[in-house]
Amino acid sequence: MEKQEKINPAQIFTEYENGVDYKNKIDLYTTVDLNERFYAGDHWYGIESTGVPKPVFNFLRRVLDYLVSAVRSRNVKMVFTPMKFRTAKKTADENVEKTRETNKTEETDKTELLAEALNDYATATWERLKIDSLNQKILLDGGISGNGILYFYWDEKQTSYSPQGDEIKGDINAELIDSVNFFPGDPNCGEIQQQPYLILSFRRLIAEVQREAKENGVKGWEDISDDENRDREAGDRAKEELNDTKKVTCLLKLWKNEKTGTVWAVKCTKDVLVKEPWDTGLSMYPVANFCWRERKNSFFGVSELKEVIPNQVVYNKMSALQQISLMNFVSPKVLFDNSRVKSWSNKVGGAIPVNGSIGDVARYLEPPSLSSDSYRIQDDIKGNTQDCMGANDVALGNVRPENTSAFVMMREASMAPLENIQTRFYQFIEDMGRIWLCMWSTYYQTPRLAMFDKNGEEAVVEFDPSFYRDLPVRLKIEVGASSQFSEITTVQTLDNLLANGIITPEEYLERLPSGYVPKREEVMARIQQEGQEAQAGGEPMPQPGSDSMNEQQAAEVNQLLQGSGTSVPMPQDIMAQVQEKYGGME
C-alpha cells in the first residue's frame, strides 16, 4: 500500500469552511430549515401574537407525502447480469463443433447460476439494510432539502456467516447524510464520481470521537474538544443539544488517488486527526445522490416546498382573518355610556348597575359580514398549488372511484409530472447497486451466507465474491406496477378470467397478488390433492373453458385479450393459452 503524504486537519477544515460559505451564498441552510419547519407544521415560527389565532392547515405536507409515496409506489429490483464468457479451448479434435456447443451450454448454465446468486444476494442486502425504509427517507429529504444522500461504509460491527457456520466480521452499512452536511469539491458539478473530493460532516459526542482516535493510535486525541457548529445542522431540533452534552464536528474526506486509482479517506476534527489517511480500496465514491429537481450547473437540487411555501402562508393568514371575523360576529364589541355604567360585564346572568335611565345605555357594534369570496380565493390557492405540485383530487384520493378502470387511467395521467423524479430515483438505485458490487468485490474475501425472503418463504443464498472480481457485470433496474389500484385491476382481470372459465382456481390463486388470501399455499395444496385423488378415482379433471364458444363468450374473451384500458395487461402465459385454444381472435 502506498504511503500518503501528511495531511493537516486545518487544511481539511478550511475546505469545509469554503463549502459552508458556498451554501450560505445559495441560502441553503435557511431554505432547508424553513422547508423542514413547514413540513413539520411549525408555520408561525417566530411570530408573537396575543389573542390572535394562528391556524395551520398543512396541505403541503399531505401533497409531499403523496409525491414521495407515488415515486416509490412501484416495485424496484436490481437485476445483475454477468457477461457471458467462453471456456472452450482450441482443439484439433474432429468433434470441435460438438465441443463448442457443449461448452456454450455449460457457459450459459454457469452464467445463469452466477446471475441468480448475485441477484439473490442483492435482495438479501436490500432487506438487511432496510433499503425500503431508507428510500422513503431519501425521497423525503429530497422533497424537503433538494437532495437525498446515502453514504455506504464498511462496518466491523456487522456480522455474517460462512457456509461452514463460522462467523465473519464486517459488512456493508449505510447512513443518511443531510445535504447541509455534504460538501462536494466542485459544487457546480452534479456528478459525484467526477468530484475532486468529498467532505462529509458528522455531529458526534466528544467521548465517542476520542475513543475512536485512541483506538486508531492517533497522538493528541485528548486535545479533541467541543465546538459550537450545531447551527450548521439541518432543522431546528438539531440546533438544540443537551446542556451537559459536549459534541464536536467530525469531518470525513474522500478523494481519488491518481497513482493507486482508488478512493482514499481521512477523518479529523478542526485540529486533530481521528484516523490517519487510508486506502479504502474502492474504485468509486461510496456515496449515492438523489436530486429531487435539478438546478443547472449545481450539485444541490431544488426542493418541492421552496416555491409553494408563500402560498401556504397566505392560506394560513386568510384562515386567521376568517376566524377573527367569525369571533367578532359571534361575540361583537359593546359600546356603553360610561357616565351611567361604570363597568361592563359579559357574565351570563350577571347584573349590570346603571346610574340613570337605561335607554340607549349600550349597544353592540355590528362587524362587517365576511365575504364568501375569501373562501373561494382560499380554495383556489390550495387547488392551484396542488395542481402545480402534480397532486390533483384524483391523485390524493378525493374522488370516489365508481369506475375503477377510468379512475386508474386518470391516476396514471396525474403521475406523468413525476416521471422525471422517478427517473432520477431509479438512477439513484442503480448507483447504489454499483457501489454494492464494488464493495463486495473489494471487501469480501470468503464466501458467505445470507437469508432473504423469496416468494413469501425464507431462503438462503451462498455468495462467493471470487467469481465476480474479474467478471464484467451489467446492472439494470426493473420497475413493476405495484400500486393499490394496479393490484385491484389485476384482481378484477383474474376474476373475469376465472368467471369465463379461462383459468382454473389453482391458476387463479397462483397469480393473485400476495396478501389477498391468507395461507394461500395451503389452499393451493388442498386443491392439488383433491385433483390428484379425483384423477386416481377415474373422475375427469375439471378443465377451464370449452372446445367451442358462443358469440357472447368470444366477445368477452376478446375484451379481456384487448385489455380494459388500464395499465395492467393480461399475463402473457394466460393470453397464449387463450389464443392457442380459441385462435383467430385479434
Side-chain angles (χ1 to χ4, degrees), residues 72-82 108-136 152 158-165 167-168 171-174 426 429-430 432-437 439-441 444 446-468 471 473-484 486-487 490-491 494 503 505-529 568 571-574:
R72 62 184 294 267
S73 63
R74 301 180 185 277
N75 285 332
V76 182
K77 182 181 180 181
M78 297 178 184
V79 179
F80 294 91
T81 306
T108 302
D109 294 341
K110 186 176 182 179
T111 302
E112 291 177 354
L113 291 175
L114 290 175
E116 182 180 1
L118 188 58
N119 292 324
D120 287 346
Y121 195 78
T123 301
T125 303
W126 186 290
E127 295 178 1
R128 181 178 62 82
L129 295 179
K130 297 178 174 58
I131 297 299
D132 287 330
S133 177
L134 289 176
N135 283 343
Q136 186 272 335
F152 295 94
Q158 298 287 324
T159 59
S160 58
Y161 293 90
S162 67
Q164 292 75 29
E167 186 178 77
I168 303 176
D171 210 334
I172 301 173
N173 209 340
Y426 300 150
I429 299 295
E430 183 175 336
M432 182 168 57
R434 297 187 187 283
I435 292 172
W436 289 1
L437 188 62
M439 298 184 75
W440 290 335
S441 60
Y444 284 13
T446 58
R448 56 181 67 198
L449 301 178
M451 297 186 64
F452 67 103
D453 180 81
K454 189 170 187 178
N455 299 327
E457 298 180 357
E458 287 189 354
V460 178
V461 56
E462 179 180 345
F463 180 74
D464 189 345
S466 61
F467 290 130
Y468 305 96
L471 180 64
V473 176
R474 177 174 176 265
L475 169 62
K476 68 175 182 178
I477 303 300
E478 286 189 353
V479 181
S482 63
S483 67
Q484 173 187 1
S486 296
E487 288 189 356
T490 301
V491 173
L494 291 173
I503 60 175
E506 182 178 356
E507 292 172 329
Y508 174 86
L509 291 173
E510 288 177 351
R511 291 159 177 81
L512 200 64
S514 300
Y516 280 84
V517 178
K519 300 181 179 181
R520 178 175 58 179
E521 289 73 15
E522 295 182 7
V523 178
M524 293 174 58
R526 180 177 58 80
I527 294 177
Q528 292 178 351
Q529 182 178 0
V568 183
Q572 294 294 331
D573 54 346
I574 298 297

#### Entry: CD-CE distance between Glu430 and Met432, expressed to the nearest 0.5 angstrom
11.0 Å

### Query
Are Leu129 and Asn173 close enough that some pair of their side-chain heavy atoms sits under 4.5 Å apart?
yes

### Task
Could you pull out all residues at least two apart from Glu167 that satisfy salt bridge (Lys or Arg N to Asp or Glu O under 4.0 Å)?
Lys169

### Summary
Minimal heavy-atom distance between Pro163 and Glu462, with the atoms involved, is CG-OE2, 3.5 Å

### Task
With rounding to the nearest 0.5 Å, note down the distance linking OG1 in Thr81 to CD in Glu112.
10.5 Å

### Task
Evaluate the ring planes of Phe463 and Tyr121, with Trp represented by its six-membered ring, and classify them as parallel (under 30°), tilted (30 to 60°) or perpendicular (over 60°).
parallel

### Residues forming a side-chain hydrogen bond (donor to acceptor under 3.5 Å, both in side chains) with Trp440, sequence neighbours excluded
none

### Query
Going by heavy atoms in the side chains, are Met451 and Tyr161 under 4.5 Å from each other?
no

### Task
Start with the C-alpha distance between Asp132 and Arg72, add both sets of side-chain angles, then the distance that settles side-chain contact (heavy atoms from CB on, under 4.5 Å), and finish with yes or no.
CA-CA 9 Å; Asp132 287 330; Arg72 62 184 294 267; 4.0 Å; yes

### Message
So, taking the atom named OG in Ser162 and the one named CD1 in Ile168, what distance separates them when rounded to the nearest 0.5 Å?
### Response
5.0 Å

### Query
Any luck finding a side-chain donor-acceptor pair between Tyr444 and Asp171 under 3.5 Å?
yes

### Message
I'd like to check Trp126 versus Phe452 (side-chain heavy atoms, cut-off strictly below 4.5 Å). Are they in contact?
### Response
no

### Message
For Asp120, give me all partners under salt bridge (Lys or Arg N to Asp or Glu O under 4.0 Å), at least two apart in sequence or on another chain.
### Response
Lys454

### Message
Is any side-chain heavy atom of Glu478 closer than 4.5 Å to one of Asn75?
### Response
no

### Query
Does the side chain of Leu437 come within less than 4.5 Å of Leu475's, by heavy atoms?
no

### Task
Calculate, to the nearest 0.5 Å, the distance between atoms CD1 and NZ belonging to Ile429 and Lys77 respectively.
14.5 Å

## Note on the structure
CZ (Arg434) and CE (Met78) are apart, to the nearest 0.5 Å, by 10.5 Å

### Query
How long is the gap from CD1 on Ile435 to CZ on Phe152, to the nearest 0.5 Å?
6.0 Å

### Query
Can you check whether Leu114's main-chain N or O pairs, donor with acceptor, with Tyr468's side chain at less than 3.5 Å?
yes

